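Heads up, the thing below is written out as C-alpha cells.
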Amino acid sequence: MLLDKAQIESYIPHRAPMLLVDRLTDATADRFLTEFTVLPDTIFLEKGRLREYALIEHIAQSGAVGLNYLYRKSKTEPQGGVLGSIAKLTLFDWPAVGDTVQTTVYLLHQLADMYLLKGECVVSGKKMLECRMTLVGLKAGGGDLE
Amino acid sequence: MDALKEELKKHIIEELNLQDVTPDDIIDDAPLFGEGLGLDSIDALELIVIMENYYGIPITDASVGKEILYSIDTMAAYIVNNKPA
C-alpha cells in the first residue's frame, strides 16, 4: 500500500463523508489502483447499495489521488481539480455494504492541465462500473508527468 | 481525402458520443468548436486521442493543437502531411 486514508487527506481536499478512497495501493505513470470499502454509514447508499454517482466520484477521487501522488514524488505540491466530463459509462451492478471496491484508473492522455482517464470499479472480480472522464485544473506547476 | 474526412467524422461522433449527429451534419470547413459543432476545450482532449490512437499522430502543444483541430479540413490535412510512414 502506498497511502492510507489519513495520508490521502493530504493529497485531495475531500473529507468524511465525501472522501470515497480508503487506500492507494499502486501508482505508475499511466495507472493507479485504489480501494474503498462500503460501510453502513457510507454516503450515497440506497437500499444498502452504493449508487453509481458515488462510484463516479470515487473514480474521480482515485484519479486525483494517483496524479497528486506522482506529482508529490516529483516534488511539486498537489492541487485541486474538477471533474470536467464523463463519457462511455457502463453500470453493471451496485456494490453492497461490506464490499471492497477495487478500482483501476488509467491515464489515457494529458494535455496541459487536462487529463483523460478511464476508470474501472471491480468487487471480487466482478465489474461494477466503467467510464471515461476528464479531470481539469490538476496541474501542480511542475509540468507534464514523466 | 474525402474518405479520410468521412472516417474522421465517424470517429468524432463515436468517441464524443454525439447523439443525433450524423457525418453529413459536420461541415468540412466549419469550426468544430464554438459556433460550429459546439465542442468545448474538454472535447479537444478526445480529439487529440483520436489523432494519436487512430492515426499515430501525437499533439503535445496546446497552441498548435488549436489550429490543427479547427475543422475536419485542418485535421485531415494535418494527418495527410504528418502520418507516420
Side-chain angles (χ1 to χ4, degrees), chain A residues 29-32 52-53 55-57 59-64 66-67 70-71 74 76 79-92 104-120 129-146, chain B residues 7-23 25-26 31-72 74-79 82-84:
Chain A
D30 58 4
R31 189 202 64 171
F32 316 127
E52 58 274 20
Y53 36 87
L55 289 172
I56 294 167
E57 174 64 21
I59 291 172
Q61 292 184 16
S62 296
L67 287 166
L70 296 182
Y71 275 128
S74 64
T76 53
Q79 290 191 354
V82 297
L83 177 52
S85 66
I86 302 165
K88 298 191 174 182
L89 187 151
T90 305
L91 173 68
F92 300 93
T104 304
V105 179
Y106 301 93
L107 177 57
L108 301 180
H109 206 88
Q110 176 197 357
L111 181 68
D113 65 347
M114 293 192 293
Y115 301 85
L116 183 62
L117 308 175
K118 178 184 177 184
E120 294 177 351
L129 181 143
E130 65 181 15
C131 69
R132 287 166 69 147
M133 65 174 56
T134 311
L135 292 183
V136 182
L138 240 164
K139 191 173 183 181
D144 295 346
L145 287 169
E146 295 299 331
Chain B
E7 183 182 83
L8 262 176
K9 292 175 184 179
K10 288 177 181 174
H11 288 321
I12 290 171
I13 290 169
E14 166 68 19
E15 295 298 327
L16 294 177
N17 195 25
L18 300 178
Q19 296 173 354
D20 303 324
V21 175
T22 69
D25 297 327
I26 305 176
L32 294 170
F33 298 87
E35 77 272 21
L37 193 57
L39 305 185
D40 58 27
S41 58
I42 293 172
D43 295 322
L45 201 51
E46 294 277 6
L47 296 187
I48 288 169
V49 171
I50 288 173
M51 295 289 274
E52 186 161 343
N53 288 354
Y54 289 103
Y55 303 103
I57 299 174
I59 299 174
T60 55
D61 185 334
S63 59
V64 174
K66 194 173 179 180
E67 297 170 8
I68 298 167
L69 305 176
Y70 177 77
S71 68
I72 292 294
T74 59
M75 288 180 73
Y78 193 79
I79 291 168
N82 294 275
K83 193 164 186 180

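Chain A is the first sequence line, chain B the second, and so forth, proteins listed ahead of strands; every chain is numbered from 1. This one's a predicted model, so the numbers in the text were calculated from it and none came from an experiment.
Heavy atoms closer than 4.5 Å to chain A are found nowhere in L16(B), neither backbone nor side chain. The parts of E15(B) that come within reach of chain A are both its backbone and its side chain, each placing non-hydrogen atoms under 4.5 angstrom from that chain.
Once rounded to the nearest 0.5 Å, the distance linking CG of N17(B) with CG of L89(A) reads 10.5 Å. Distance check: H109(A) NE2 to I59(B) CD1 gives 8.0 Å after rounding to the nearest 0.5 Å.
V49(B) and L116(A) make their closest contact through CG2-CD2, 3.4 Å (heavy atoms, listed as atom of the first residue, atom of the second, distance). Considering all non-hydrogen atoms of both residues, E14(B) and K88(A) come closest at O-CE, 4.0 Å.
Of all residues spanning residues 39-46 of chain B, those with a heavy atom less than 4.5 Å away from chain A's heavy atoms are S41(B), I42(B), L45(B), E46(B), arranged by number.
Open room surrounds NZ on K10(B); 12 or fewer heavy atoms of other groups in view lie less than 6.0 Å from it.
Between I48(B) and M114(A) the shortest side-chain heavy-atom distance does not fall below 4.5 Å.
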